[in-house]
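Read through the structure below, which is laid out as structure tokens, and then see the notes.
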Amino acid sequence: MAWMSPVHFGTGDRVVEMEDSEVENLATSVSSDVDAEFDTVIGHIEDIIMDEEFQMLQRHFMDKYYLEFENTEENKLSYTAIFQEYVNLLEKYIEQQLTERIPAFNMATFTTSLQQHKDEISGDIFDMLLTFTDFLAFKEMFLDYRTEKEGHGLDFSGDLIVTSLSKSSSLSPASNNLRHF
């Protein structure tokens with residue numbers, strides 16, 4: 001059995017002695033509560049951003065500004081104002097929704113907790129939250145949206161090759177209605 005040294009809390013006449021295992025249990029309990037609160041907030045954020053109202057709010061904002069963004073190294077000065085408007089609009093909406101669902105919600109506390117748990121958040125949620133703090137992620141979101149709106153998405157059809165798995169020599173290329181390139 002490992003030797004356990006007592007841990008003392010308090011000062012003067014009011015010293016409380018706790019064994020290491022008790023301290024670990026207390027820390028685990030507090031940590032579990034904090035983790036549970038964080039998980040609850042993330043669950044609500046998932047619900048909020050999947051909600052049609054949020055989707056429409058974000059889509060209308062992007063429709064309003066997507067033509068401003070160009071896929072160049074240089075960033076226009078107008079991007080800064082658009083970024084600030086986006087953060088104010090959507091972050092305020094999310095915070096308002098969270099406050100309605102969790103009356104004791106505090107954005108500053110959540111932001112601190114978010115930094116500590118950033119590796120635990122699913123990709124989609126993290127990417128969306130990243131657009132509030134990372135300008136390059138924000139710009140990339142607009143560039144992707146513009147590409148989609150203009151129909152310039154990736155086209156892999158030229159890379160598609162159809163090969164027969166059977167070695168039937170009775171069919172000639174002309175008789176099987178397949179185009180060979």
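Quick caveat: nothing in here was measured; it's all calculated off a predicted structure.
- With contacts defined as side-chain heavy-atom distances shorter than 4.5 Å, the pair Thr111/Met107 qualifies.
- For the pair Lys139 and Thr72, the tightest heavy-atom approach, listed with the atom from each and the gap, is NZ-O, 2.7 Å.
- A distance of 9.5 Å separates CE of Met141 from CE of Met128, quoted to the nearest 0.5 Å.
- Between Phe110 and Glu37, every side-chain heavy-atom pair lies at or beyond the 4.5 Å cut-off.
- Shown here for Glu53 and Tyr93, the closest heavy-atom pair between the two residues is CD-OH, 3.3 Å.
- Listed here is the closest heavy atom pair of Glu85 and Lys64: OE2-NZ, 3.5 Å.
- Gln84 contributes atom CD, which lies 12.5 Å from atom CG of Leu89 (distance to the nearest 0.5 angstrom).
- Under a hydrophobic-cluster definition in which Ile, Leu, Val, Met, Phe, Trp and Tyr are linked whenever side-chain heavy atoms come within less than 4.5 Å, directly or via other members, Met56 and Tyr66 are assigned to different clusters.
- Counting only heavy atoms from C-beta outward, the side chains of Phe105 and Gln97 never approach each other to under 4.5 Å.
- Closest approach of Phe83 to Thr131, counting heavy atoms only: CE1-O, 3.2 Å.
- For an aromatic pair to be called close, the ring centres must be under 6.0 Å apart, and Phe138 with Phe69 satisfies this.
- Tyr86 and Phe61 have their aromatic ring centers within a separation under 6.0 angstrom.
- Here OG of Ser113 is found 11.0 Å from CG of Asn106. Values are rounded to the nearest 0.5 Å.
- Inter-residue side-chain proximity for Thr80 and Asn75 is flagged as unmet; no heavy-atom pair is nearer than 4.5 Å.
- Considering all non-hydrogen atoms of both residues, Tyr145 and Met62 come closest at CB-CE, 3.3 Å.
- Applying the 6.0 Å contact sphere to CD of Glu52 captures more than 12 heavy atoms from other residues, nucleotides or ligands.
- The distance from atom CG of Asn71 to atom CG of Leu143, rounded to the nearest 0.5 Å, is 5.0 Å.
- Residue Lys76 qualifies as enclosed at atom NZ: its count of foreign heavy atoms under 6.0 Å is above 12.
- The distance from atom OG1 of Thr147 to atom CG of Asp144, rounded to the nearest 0.5 Å, is 6.0 Å.
- A distance of 10.5 Å separates OG1 of Thr40 from CZ of Phe38, quoted to the nearest 0.5 Å.
- Of all heavy-atom pairs between Asp47 and Arg101, the closest is CB-NH1, 3.6 Å.
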